[in-house]
Amino acid sequence: MASDPYGLISPSIYETARVVTLARSLAGHWERVRYLLASQHRDGHWGELPGYELVPTLSATEALLSSSRRSTDENRTAVSRRDVVHGASRGLRALRGRLGTAAPETIPDTVAAEIVIPALVAEINKHLDRLGPEPTAGLEDWRGIQLGLPQGADDRLLARLHEAVRLERPLSPKLWHSFEAMGASAQGTSIVRPVRGAVGCSPAATAAWLGNGQADADSRLSVEYLEAVQERSGGPVPVCAPVPVFERVWVLAALITAGVGLSVPDELVEDLHAAFGEFGVAGGPGLPPDSDDTSTALYVLARLGRPRSADCLWSYQDGGHFSCFPDERTSSTTTNAHVLRALGEYLALDSLRRQRYLAAMDEISAWLRDQQQVDGSWRDKWHASSYYATAQCAVALARYGGAASAAVVSKAVAWVLSTQRLDGAWGVWTGTQEETAYAVQILLLAAPSATDDSLVRAAARGCTFLLRSDASATPFPPLWHDKDLYTPVRVVRAERLSALYLGYADPRVAQMIMASDAEQQVW
């Protein structure tokens, strides 16, 4: 991890499709098209989880429509124009069946959904307008048809942003990450600036800013950035890169919280200190600082014995909780859990601010208690699974939330015990290694003690499931929210290792694990 400046992030359907349209001359184009075709489901949509198909399906369908208009002479791969057109038509059918219904569309709170969705619908409708009297073979049935916006969505914000770009008015850096939604008007604009070649830490936003013209000397770094991120996966690109700070502090936080003994290279710790500015740290270059990455970095540095001032966190305080960014649309439970644990670690390190820390911790704890769902879980805008949010909130409240939080923590533990699957796994849709790791962490870090037989058995069965699962050969399903779902692979590996470490560190749980067939197979 320390030697990788990008971070290991899974390829993104949405982002890859945007690069297909916006950077046609970039190496790996037809490999990206082939990736989109191979990822399409039988019913024509893209995306793995129910409710999360709309954004990747819109993006991939638009990219295939765009590619269907290109000359076959430039296609040197095994991608036929017929396959591209067929994939686009199947995507259109899936979208029309979804957007043409009277039932309201539930749109998950993924990044920039309010501008990405109307932008993609508008681009697809432009393609359909261009079909004309002699449309591309295979798309005849779509002549004269237009897609509508899902209920609850509109294009007013997108229109205001287009006007701001046209007038070259400054935009919040938070919007740079989804700047590809501006389409052709994004090319070359001076209102955004690349950082180490990347616009908004996004391949798609960078491709939109570059456009498909010949790159000049000033934009060469951006071309090199795109070449580097596409080469890592042989064409497809991640939804965010590079994100070294995010990956490093999340990995370290997971291992440290579980009690894993670490020898962290000095240069990695120094890099974290160097990443701080007036408002903390950002997950990666080109992203604005945020309280989530900042609080997690502060927590890690404190636990490693290399703390720094936590004063940068106060700029995010918003009444009884902390916002991720200024003027954010929706608040985050896990961000507040991470702020709570950071302040909790600084109580003993900064006596001058102790009372301020205590007051903020009381407010955050009360706010988190109020956010708990009826069943005992928590939800969050940065992750699709309740197990992630519940692990972050329950563990933070158990350690730093005081006696008033004991009841909600117990309720969370009871929810975990009641939702374990027959094979020992946990998961909202299906059992996964990642969600199982979070559940084990809740049982072994948030529960008062592992003396209850049912808790010990559940934790051991969860660890046994993790042992049976090959972390190196089995891809982790994308569950993390960005513009579409993604997997921070090293972070998930660290969460899995942390859960197993906790299991083996508890004598009763370890005894049950070692009696299982799974452990014998591993050894």
Side-chain angles (χ1 to χ4, degrees), residues 9-24 26 28-29 31-41 44-67 87-88 90-92 94-95 98-99 105 107-124 127 147 149-150 153 158 175-183 186 198-209 226 229-230 232-233 235-241 243 287 381-384 477-488:
I9 306 297
S10 62
S12 161
I13 296 290
Y14 167 85
E15 201 84 359
T16 298
R18 294 300 82 231
V19 173
V20 165
T21 292
L22 296 166
R24 296 189 296 270
L26 182 69
H29 173 82
E31 285 76 9
R32 284 185 283 281
V33 173
R34 184 159 43 188
Y35 167 73
L36 296 179
L37 292 172
S39 304
Q40 190 174 27
H41 296 286
H45 79 266
W46 283 263
E48 300 302 321
L49 295 184
Y52 285 88
E53 308 98 331
L54 182 58
V55 168
T57 302
L58 283 168
S59 187
T61 301
E62 191 285 327
L64 294 181
L65 286 169
S66 176
S67 296
R90 291 172 61 212
L92 287 169
L95 289 170
R98 183 163 192 157
L99 299 178
E105 175 74 33
I107 301 173
D109 191 14
T110 49
V111 172
E114 67 275 18
I115 60 173
V116 163
I117 290 172
L120 289 171
V121 169
E123 289 300 316
I124 289 173
H127 286 296
L147 297 179
L149 290 173
L158 181 66
L175 292 168
W176 296 1
H177 183 57
S178 50
F179 203 61
E180 71 279 358
M182 298 299 99
V199 173
C201 204
S202 162
T206 306
W209 180 77
L226 288 174
V229 292
Q230 71 87 23
R232 286 166 66 92
S233 295
V237 297
V239 73
C240 50
V243 283
L287 293 173
K381 71 176 185 177
W382 296 121
H383 204 281
L479 294 170
W480 294 65
H481 281 192
D482 200 287
K483 288 171 278 189
D484 63 352
L485 297 177
Y486 73 100
T487 302

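Between L95 and I124 there is a side-chain heavy-atom pair separated by less than 4.5 Å.
In this structure, T487 contributes its side chain and P477 its backbone to a donor-acceptor pair below 3.5 Å. No donor-acceptor pair under 3.5 Å is formed between the side chain of R34 and the backbone N or O of H29. Although no hydrogens or angles enter the test, the distance criterion places no donor-acceptor pair under 3.5 Å between the side chain of H45 and the main chain of A94. Using a distance-only test at 3.5 Å, with no hydrogens or angles considered, no donor-acceptor pair links the side chain of E180 to the main chain of A207. A side-chain donor-acceptor contact under 3.5 Å links E15 to the backbone of A204. With hydrogens and angles ignored, the 3.5 Å screen pairs a side-chain donor or acceptor of S59 with a backbone N or O of Y14. Side-chain atoms of W46 never come within 3.5 Å of backbone atoms of H41 as a donor-acceptor pair (strictly under, hydrogens ignored). With T21 contributing its side chain and S66 its backbone, the two residues share no donor-acceptor pair below 3.5 Å. The closest donor-acceptor contact from the side chain of T206 to the backbone of A198 lies at 3.5 Å or more, if one exists at all.
For the ring pair (Phe, Tyr, Trp, His ring centres under 6.0 Å) with H383, the lone residue among Y52, Y486, W480 that qualifies is W480.
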Original post:
Stepwise, does the side chain to side chain contact (heavy atoms under 4.5 Å, CB included) test hold for H177 with D482?
Top reply: CA-CA 10 Å; H177 183 57; D482 200 287; 2.8 Å; yes
Subject >> Derivation and outcome, side chain to side chain contact (heavy atoms under 4.5 Å, CB included), residues L479 and L49 >> reply: CA-CA 8 Å; L479 294 170; L49 295 184; 3.6 Å; yes
Original post:
Under the side chain to side chain contact (heavy atoms under 4.5 Å, CB included) criterion, do L99 and L149 qualify, and how do the steps go?
Top reply: CA-CA 7 Å; L99 299 178; L149 290 173; over 6 Å; no
**OP:** Test side chain to side chain contact (heavy atoms under 4.5 Å, CB included) on R98 and E53 and set out the steps.
**Re:** CA-CA 10 Å; R98 183 163 192 157; E53 308 98 331; 2.7 Å; yes
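Between L37 and G87 the shortest heavy-atom distance is CD2-CA, 4.2 Å. Heavy atoms only, all atoms of each residue included: A113 and P108 are closest at CB-O, 4.2 Å. The nearest pair of heavy atoms linking L26 to Q230 is CD2-CG, 4.2 Å. In plain terms, the two heavy atoms of C201 and V243 that are nearest each other are SG-CG1, 3.8 Å.
The distance from atom CZ of R32 to atom OG of S67, rounded to the nearest 0.5 Å, is 10.0 Å. Taking CZ of R18 as the start and OG of S12 as the end, the distance is 10.5 Å to the nearest 0.5 Å. Rounding to the nearest 0.5 angstrom, the gap separating the CG atom in L158 from the CD1 atom in I117 is 11.5 Å. Put simply, CG on L120 and CG on L54 are 8.5 Å apart, with the number rounded to the nearest 0.5 Å. Atoms CG and OG, from L485 and S10 in turn, are 9.0 Å apart once rounded to the nearest 0.5 Å. Here the CD atom belonging to E31 is positioned 12.0 Å from the OG1 atom belonging to T16, to the nearest 0.5 angstrom.
For the 3.5 Å distance criterion, the side chains of K381 and T110 fail to qualify, holding no donor opposite an acceptor.
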